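Remarks on the structure that follows.
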Amino acid sequence: MCYCKWNDNCSDMEIDFGSEENASIVFSALAVDKELQPDKVKRLMTVSDGKLSAHFEATEARFLRASFSAFVDVMTLATKTIEEFGQGMKL
Amino acid sequence: MKRMIALGFEGSANKIGVGVVTLDGTILSNPRHTYITPPGQGFLPRETAQHHLQHILPLVNSALETANITPQDIDCLCYTKGPGMGAPLQVSAIVVRVLSLLWKKPIIAVNHCVAHIEMGRVVTGADDPVVLYVSGGNTQVIAYSEGRYRIFGETIDIAVGNCLDRFARVLTLSNDPSPGYNIEQLAKKGEKFIDLPYAVKGMDVSFSGILSYIEATAVEKLKNNECTPADLCYSLQETVFAMLVEITERAMAHCDTKDVLIVGGVGCNERLQEMMRTMCSERGGRLFATDDRYCIDNGAMIAYTGLLEFAHGASTPLEDSTFTQRFRTDEVKAIWREANSAKLNGLAEKSI
């Protein structure tokens, strides 16, 4: 059930890190950057059970697409950084 | 005592670099990767950010391996806060935040322009020069005064490097290793000087009008065989570099300083260095300049400047580790220089 203010243009995603610590790290790293157009796109992030959930709503589909795809890029980067340099890193 | 080590990330334009340095300025590693576009094309924020996304993590590995250190050896993580392109800046910021949380290391946000200056100072040993900072995104004449790097003159429109890069696109010169380098090589073969507008406005310079003029006349003149591409490169370089030397000389007179330091990507142009050296020697001063390893954006300059700040007690809380496209050189309090001058004053008092 979606309670978006801007009815159609909303999107959700959930990433299961299987670890509360890693999910929180990604959450904290991504939460620093606010949405560039807060009047057009809203982003809501939460962490629970080692899962990061992000909810997006936008006034127009094109704003939603831009924000969502940029978010996926940085989320992927943060995740890869943990995989590469988190606990048990080689060296 | 254990030496302090910083890991620095630079990704404000089309270069992504990761460097490891110690507080005395020793560079343990400094790998970087450049996003090179096809001839005739510039780099755009989105594509540049994608390039950085692909290369940043392998660069971190390579920087740690070459420096032969482990994360435990690192004292702080430094990144470019700005100025620069938003999307590419974000890549370094994200990685630094995650590493800071993983490794429990403090973050230092660094101003890109100040980093160029500090890198130039430590590499050349210039103590208190007038600084000409010339690159694809910035053109400023800077000197240190009362706690900050003050801007004495700057471009009022586009950067000198942007002017050169965009003219290279008109001639469809290669962007490998950089458009400016290829203009410099071609300019050596120039024989005929073509008059171009000369736009110095007080302490400031303007390049957009020169670019429009040469873009419009180049096609025409080349078609009529009135000149060669080499003549145009030569004339453009001579004109814009003369403007830069003029405002630098005026800043020197104002600050009563004899030494000049050139930093930034355009700073590795040997013709610019030669013209500036002539001016400095006429005033009984010296020119300090570096080659492409330090002039062009790199991670070590960010690491070194961040480490200077960290050693003087500064650090950036995670929630403030943002990035910004606009971040002027004079917004930064150069706390490490204040401390040094206080020390010198202390010594002077003792000797009296």
Side-chain angles (χ1 to χ4, degrees), chain A residues 13 15-41 43-48 50-52 54 56 61-91, chain B residues 7 9 11 16 18 45-74 77 79 81 86-105 107 109 316-325:
Chain A
M13 79 160 154
I15 310 101
D16 190 352
F17 288 91
S19 141
E20 193 76 8
E21 193 190 349
N22 288 349
S24 305
I25 288 179
V26 173
F27 174 88
S28 308
L30 300 190
V32 177
D33 299 322
K34 306 290 171 251
E35 281 299 315
L36 291 174
Q37 296 172 296
D39 53 329
K40 299 195 176 83
V41 183
R43 181 186 69 199
L44 202 83
M45 280 197 296
T46 48
V47 173
S48 71
K51 289 180 189 144
L52 175 74
F56 285 81
R62 59 195 177 106
F63 297 129
L64 179 69
R65 200 182 310 124
S67 271
F68 195 85
S69 95
F71 182 82
V72 171
D73 283 344
V74 291
M75 204 278 304
T76 310
L77 176 64
T79 310
K80 281 187 181 163
T81 310
I82 295 180
E83 282 172 2
E84 187 93 24
F85 298 102
Q87 265 158 10
M89 81 175 268
K90 44 199 187 282
L91 269 173
Chain B
L7 183 66
F9 293 75
I16 178 82
V18 181
R46 181 171 266 271
E47 285 78 9
T48 310
Q50 286 299 328
H51 166 268
H52 291 5
L53 285 173
Q54 282 170 20
H55 289 94
I56 189 163
L57 297 179
L59 283 171
V60 177
N61 270 321
S62 137
L64 294 176
E65 266 169 41
T66 311
N68 198 19
I69 58 161
T70 63
Q72 286 86 23
D73 302 322
I74 296 168
L77 301 163
Y79 77 102
K81 183 185 180 73
L89 281 170
Q90 190 181 24
V91 175
S92 298
I94 294 277
V95 171
V96 159
R97 288 174 205 152
V98 172
L99 291 181
S100 160
L101 292 165
L102 283 173
W103 297 344
K104 318 253 183 304
K105 303 286 179 185
I107 300 177
T316 309
L318 180 72
E319 57 273 23
D320 297 336
S321 63
T322 51
F323 58 94
T324 169
Q325 309 208 72

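Just so we're clear, the structure is a prediction, and the values are computed from it rather than from any experiment. Below, chain A is the first sequence line, B the second, and so on; all start at residue 1.
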Exercise. Name the region of Thr79(A), side chain, backbone, both or neither, that has any atom closer than 4.5 Å to a heavy atom of chain B.
Key: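 For Thr79(A), no heavy atom lies under 4.5 Å from chain B.
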Would you say that [X] contacts [Y] through its side chain, given a criterion of any heavy-atom pair below 4.5 Å between the two side chains?
| X | Y | answer |
| --- | --- | --- |
| Phe85(A) | Asn61(B) | yes |
| Pro58(B) | Glu84(A) | no |
| Val95(B) | Leu77(A) | yes |

Exercise. Classify the side-chain pair Gln90(B)/Asp73(A) by whether it contains a donor and acceptor separated by less than 3.5 Å.
Key: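 Per modelled atom types, Gln90(B) and Asp73(A) side chains form no pair under 3.5 Å.
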Quiz item: Is it true that atom CZ of Arg43(A) has more than 12 heavy atoms of other residues, nucleotides or ligands lying nearer than 6.0 Å?
Solution: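 Count over threshold, so yes.
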Exercise. Tell me, out of Leu57(B), Val91(B), Thr322(B), Leu318(B), who's got the most heavy-atom pairs with chain A below 4.5 Å.
Key: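 Heavy-atom pair counts peak at Leu57(B).
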Please name the pair of heavy atoms, one in [X] and one in [Y], separated by the smallest distance, quoted to 0.1 Å.
| X | Y | answer |
| --- | --- | --- |
| Arg97(B) | Ala29(A) | NH1-O, 2.7 Å |
| Leu101(B) | Ser28(A) | CD1-CB, 3.8 Å |
| Thr81(A) | Leu102(B) | O-CD1, 4.0 Å |

Practice problem: Go through the steps for Ile94(B) and Asp33(A) under the test side chain to side chain contact (heavy atoms under 4.5 Å, CB included), then give the verdict. | Solution: CA-CA 9 Å; Ile94(B) 294 277; Asp33(A) 299 322; 4.0 Å; yes
Quiz item: Between Leu36(A), Leu30(A), Ile82(A), Val32(A), which residue shows the highest count of heavy-atom pairs closer than 4.5 Å to chain B?
Solution: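 Of the candidates given, the most pairs with chain B belong to Val32(A).
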Quiz item: Looking at Ile25(A), Val26(A), Val74(A), Thr76(A), which has the largest count of heavy-atom pairs under 4.5 Å with chain B?
Solution: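 The answer is Ile25(A).
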Exercise. Side chain from CB out, backbone as N, CA, C, O: work out which of these in Val96(B) comes under 4.5 Å of a heavy atom of chain A, or both, or neither.
Key: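 Neither; nothing under 4.5 Å.
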